[in-house]
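Chain letters run A, B, ... following the sequence lines, proteins first, then strands; residues in each count from 1. Keep in mind that what you see is a predicted model, and the values were worked out from it rather than measured.
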2 protein chains.
Amino acid sequence: MKAEIIAVGTELLLGQIVNTNAQYLSQELATIGIDVYFQTVVGDNMDRLQEAVGLAQKRADIILFSGGLGPTQDDLTKDAIAAVLGRKLHIDRLAMDKLEQFFRNRGVEMTENNRRQALSIEGATPLENETGLAVGDAIAQDGKYYVVLPGPPKELKPMFENQAKPWLLQQALSGEELPIYSKMLKFAGIGESALETRLLDLIKSQTDPTIAPYAKEGEVTIRISTKAISESEALVKLGVTEAEIQQRLSEYMYASEDVTLEKVIVDLMSNRGLTVSAAESCTGGMLMEHITSVPGSSVMFQGGIVCYSNEMKKKLLNVPHDYLEGDNAPGAVSEEVALVLAEQARMVTDSDFGLSVTGVAGPGYSERKPVGLVYIGIAERDKETEVYELKLSGNRETIRLRSVKAILYRLWRRLVENERLS
Amino acid sequence: MKAEIIAVGTELLLGQIVNTNAQYLSQELATIGIDVYFQTVVGDNMDRLQEAVGLAQKRADIILFSGGLGPTQDDLTKDAIAAVLGRKLHIDRLAMDKLEQFFRNRGVEMTENNRRQALSIEGATPLENETGLAVGDAIAQDGKYYVVLPGPPKELKPMFENQAKPWLLQQALSGEELPIYSKMLKFAGIGESALETRLLDLIKSQTDPTIAPYAKEGEVTIRISTKAISESEALVKLGVTEAEIQQRLSEYMYASEDVTLEKVIVDLMSNRGLTVSAAESCTGGMLMEHITSVPGSSVMFQGGIVCYSNEMKKKLLNVPHDYLEGDNAPGAVSEEVALVLAEQARMVTDSDFGLSVTGVAGPGYSERKPVGLVYIGIAERDKETEVYELKLSGNRETIRLRSVKAILYRLWRRLVENERLS
């Protein structure tokens, strides 16, 4: 079954609000095996609204509407649908009683235009509004299914969940469509295109489960989806595909659910009673901000130092003066300094791990070193400290973020390696 | 001029992400007098994409596309547009050089599919991607204007602002009607509704210039816009409105251009040769990350300390033990500790100012103190240290961000006050 979601409202076209209803309804439809082919936003305009309805009839079996059910003159959704379907509008008694009750309770007289909220399309199944006043509608005509929902998410969600969804399952799906089950696989330390290249044969030959990679905030996510009669059947089918992907990309796949890398690290370390600290130069606190964004991180993170200037590197982290200044000094952006910073960060806080980041975030080089040159260090109690050189591109913000992702990835790898060896 | 925005991506139809690009582009188009009639979302499917392009041609003069420019097999936006316009795709040399440079820098071999990101529609004006790799396109044909933008907001926004918008103004709008000039006024330390209340009479009676307030990442922005024959005429009209707003909200208005509060602070302090440091507990580095996000911040910021645990507060910032532990101890989240942290942060780095943040970001209280209780401190050389108590609402992320905005606001006020008195 193909669906289209039509959100009605000039405020959407002006960018005053973002269309979260389309996202919510798309997610919900996916879970009951309905594929959304188009999302449309149209303003409060009778002609264009009818045009949108007519178009959706041609390209979808199920059409969901959100918005335009209010009391004002520019709330036209039901009028437009009724016109296209050649039906009339009539007052829904229950909704009307509710309206009158509402105003009676407030001791306010109901203005005439409020009656519009009780209008229902003839022959439709009225959908009660549990959290508002405007009634919804569900109609089947000529093999097409129309569901009319209010705009405010707090009214739309319960109406869809409790009334529209069951109606669709019973009327439109009548069991012949299978629900979709899907799973998120998360990757770090590899780009979207490199990842896709490694899976190209799988992606090209994909039928069921389907494999959809996409990049998001410096991490790559793969969503594998399948239609199945039961969750247990789905888990088996998804498991096979996940195992194949995992086997090819094990060193990059850090989770099989939608979590951040920092969350995985915080959990891993907390469970093992391990602690970490950091010394940040060019990232200026972004690394520690990422770690502490995870609730409960206080168990594994005590604190750290932002050593932005050479002064601070010397004073708070004992970086030798001649590493930083002098003709033959490697300079602040160097393997040598990244190493000292990581080890000192660990020692100052007596943590199990110490992380460091020093580099040129730009704009403009420093120490005659190019923008994007970054050194990240990882020190571990009783282990050799490792330093990695990164050559990153992008603007200041991107370079800083990529540096943070890179050191988090290295820390995660180290933790996994240690697990394996122990 | 009528516009349609077409967002491309199956992840949108699956509800995995929300279509914020449509909102951003709608807002931007509104400011240059272009009316958006439809927003459409279509999946990564060649036939349906071409169908959407053909439809948009019939009902709009300007068509903006977002997404589907990536390296993977299902990135088809340019292919679809080229097919509909009867044009070919060719490699954009500049974008290709950038790609090769990117992979050379990283010492990684470029996979073949990456070349797709350098594809441009024949005859189009390539739009450089300042923050990513996929090149955009702007093309005029048969009186219609097509703008092709990347999906990631951090790539789409600069490309639209710096290249697509000027192109539209010059190509599509030239002579069309009076150009729109607008100015951004930025506010901190006040909420959107409080600000709107103070300006309600102006907003209600607005004709020209128009006044549009909107909240954005914890700051409030007002955009005043006017149509004028010349920039000088516009500046006069905008100046009058700005002066009126400034006069009512001077203590909150920190800029009359689209800059962040941290940028204003960095500039103010750099020009005066002033320095600042910070000690962060619950914000875990977010404050220093904000400061160092500004290029050139190294002039006024040397470094600071993230003292997440009580151990660190004692060890690195000399917070007295009996402030932190014991039955009568005020505890880590207290006025007393915020004060010591601010003063110590200043002294450790011998800066002119020292900032501190300590609070309960949640989820879950600590020290039997409620989520959202935050103390921020500001110490200044030879001045009395001030501490402010905040009672913030929202989730962990919001509380941390609002704490950072609050201390930045206090620092800005202090700097402005000092200016006034000197």
Report the distance from atom CD of B/Glu262 to atom CD1 of B/Ile291, rounding to the nearest 0.5 Å. 8.5 Å
Of all the heavy-atom pairs spanning B/Ala3 and B/Ile34, show the shortest one and how long it is. CB-CG2, 3.5 Å
Side chain to side chain contact (heavy atoms under 4.5 Å, CB included), that's the test. Do A/Leu14 and B/Val36 meet it? Break it down for me. CA-CA 7 Å; A/Leu14 288 170; B/Val36 176; over 6 Å; no
Part of B/Pro295 within contact of chain A (heavy atom distance under 4.5 Å): both
Looking only at side-chain N and O atoms, does B/Thr72 offer a donor or acceptor that is under 3.5 Å from a partner on B/Arg116? no
Count the heavy-atom pairs under 4.5 Å between each of B/Thr40, B/Leu29, B/Asn129, B/Asp74 and chain A, then report the option with the highest count. B/Thr40
Once you round to the nearest 0.5 Å, how far does CG of A/Leu195 lie from CD1 of A/Ile190? 5.0 Å
In terms of heavy-atom pairs under 4.5 Å, which option from A/Ser26, A/Ser393, A/Gly303 contacts chain B the most? A/Ser26
Does B/Lys313 reach the main-chain N or O of B/Tyr308 with its side chain, forming a donor-acceptor pair under 3.5 Å? yes
Contact part of A/Leu316 toward chain B, heavy-atom cut-off under 4.5 Å: side chain, backbone, both or neither? side chain
Of all of B/Phe102, B/Tyr24, B/Phe301, which one pairs up most often with chain A through heavy atoms under 4.5 Å apart? B/Phe301
With chain A, which of B/Asn114, B/Asn19, B/Asn310, B/Val108 has the greatest number of heavy-atom pairs at distances under 4.5 Å? B/Asn114
Is there a donor-acceptor pair under 3.5 Å between the side chain of A/Ser225 and the backbone N or O of A/Thr210? no
Would you please say whether a donor-acceptor pair under 3.5 Å links the side chains of B/Thr10 and B/Asp44? yes
Honestly, the part of B/Thr111 sitting under 4.5 Å from a heavy atom of chain A is side chain
Between A/Glu4 and chain B, with a heavy-atom cut-off of 4.5 Å, which part of the residue counts as in contact: side chain, backbone, both or neither? neither
Out of A/Leu25, A/Thr398, A/Leu12, which one racks up the most heavy-atom pairs below 4.5 Å with chain B? A/Leu12
Name the member of B/Cys307, B/Ser293, B/Pro71, B/Gly362 that forms the most heavy-atom pairs with chain A at distances under 4.5 Å. B/Ser293
Given a strict heavy-atom distance threshold of 4.5 Å, which part of B/Glu397 is in contact with chain A: side chain, backbone, both, or neither? side chain
Go through the atoms of B/Arg59 and report whether side chain, backbone, both or neither lie under 4.5 Å from a heavy atom of chain A. side chain
Where does B/Arg48 contact chain A at under 4.5 Å (heavy atoms): side chain, backbone, both or neither? both
Heavy-atom closest pair (A/Ile5 atom, A/Ala22 atom, distance to 0.1 Å) is CD1-O, 3.8 Å
Flag the one option from B/Ser298, B/Gly151, B/Gly43 with the top tally of heavy-atom pairs under 4.5 Å to chain A. B/Ser298
Could you walk me through whether A/Thr292 and B/Arg400 pass the side-chain hydrogen bond (donor to acceptor under 3.5 Å, both in side chains) check? CA-CA 10 Å; A/Thr292 57; B/Arg400 280 156 46 103; 3.0 Å; yes
Supply the atom-to-atom distance B/Lys314 NZ to B/Ser309 OG, rounded to the nearest 0.5 angstrom. 9.0 Å
Counting only heavy atoms closer than 4.5 Å, note whether B/Arg396 contacts chain A via side chain, backbone, both or neither. side chain
Check whether B/Asn113 gets within reach of chain A through its side chain, its backbone, both or neither, counting any heavy atom under 4.5 Å. side chain
Do you know which two heavy atoms are closest between A/Gln344 and A/Leu317, and how far apart they sit? CG-O, 2.9 Å
Measuring heavy-atom distances to chain A, does B/Leu55 have an atom under 4.5 Å in its side chain, in its backbone, in both, or in neither? side chain
If one checks every heavy atom of A/Glu196 against chain B at 4.5 Å, the contacting part turns out to be side chain
Only heavy atoms, only distances under 4.5 angstrom. Which residues in residues 278-287 of chain A are near chain B? A/Thr283, A/Gly284, A/Gly285, A/Met286
When rounded to the nearest 0.5 angstrom, what is the spacing between CG in B/Leu13 and CD in A/Gln27? 12.5 Å
Shortest non-hydrogen contact from B/Thr349 to A/Met312? CG2-SD, 3.5 Å
B/Gln101 portion near chain A, given a 4.5 angstrom heavy-atom threshold: neither
Need one label for B/Lys98: side chain, backbone, both or neither, based on atoms under 4.5 Å from any heavy atom in chain A. neither
So which of B/Gln39, B/Glu11, B/Glu289 has the biggest tally of heavy-atom pairs under 4.5 Å with chain A? B/Gln39
Is there a side chain to side chain contact (heavy atoms under 4.5 Å, CB included) between A/Val276 and A/Leu355? Walk through the geometry before answering. CA-CA 7 Å; A/Val276 65; A/Leu355 308 176; 3.8 Å; yes
Going from CE on A/Met288 to CD1 on B/Ile305, what distance comes out if it is rounded to the nearest 0.5 angstrom? 9.5 Å
Does either side chain, that of B/Thr131 or that of A/Asn395, offer a donor lying less than 3.5 Å from an acceptor on the other one? no
Under a 4.5 Å heavy-atom cut-off, does chain B meet the side chain of A/Leu200, its backbone, both or neither? side chain
Is it the backbone or the side chain of A/Val294 that comes under 4.5 Å from a heavy atom of chain B, or both, or neither? backbone
Residues B/Lys157 and B/Glu28 bridged, charged N to O under 4.0 Å: no
Side chain, backbone, both or neither: which part of B/Val348 has a non-hydrogen atom closer than 4.5 Å to chain A? both
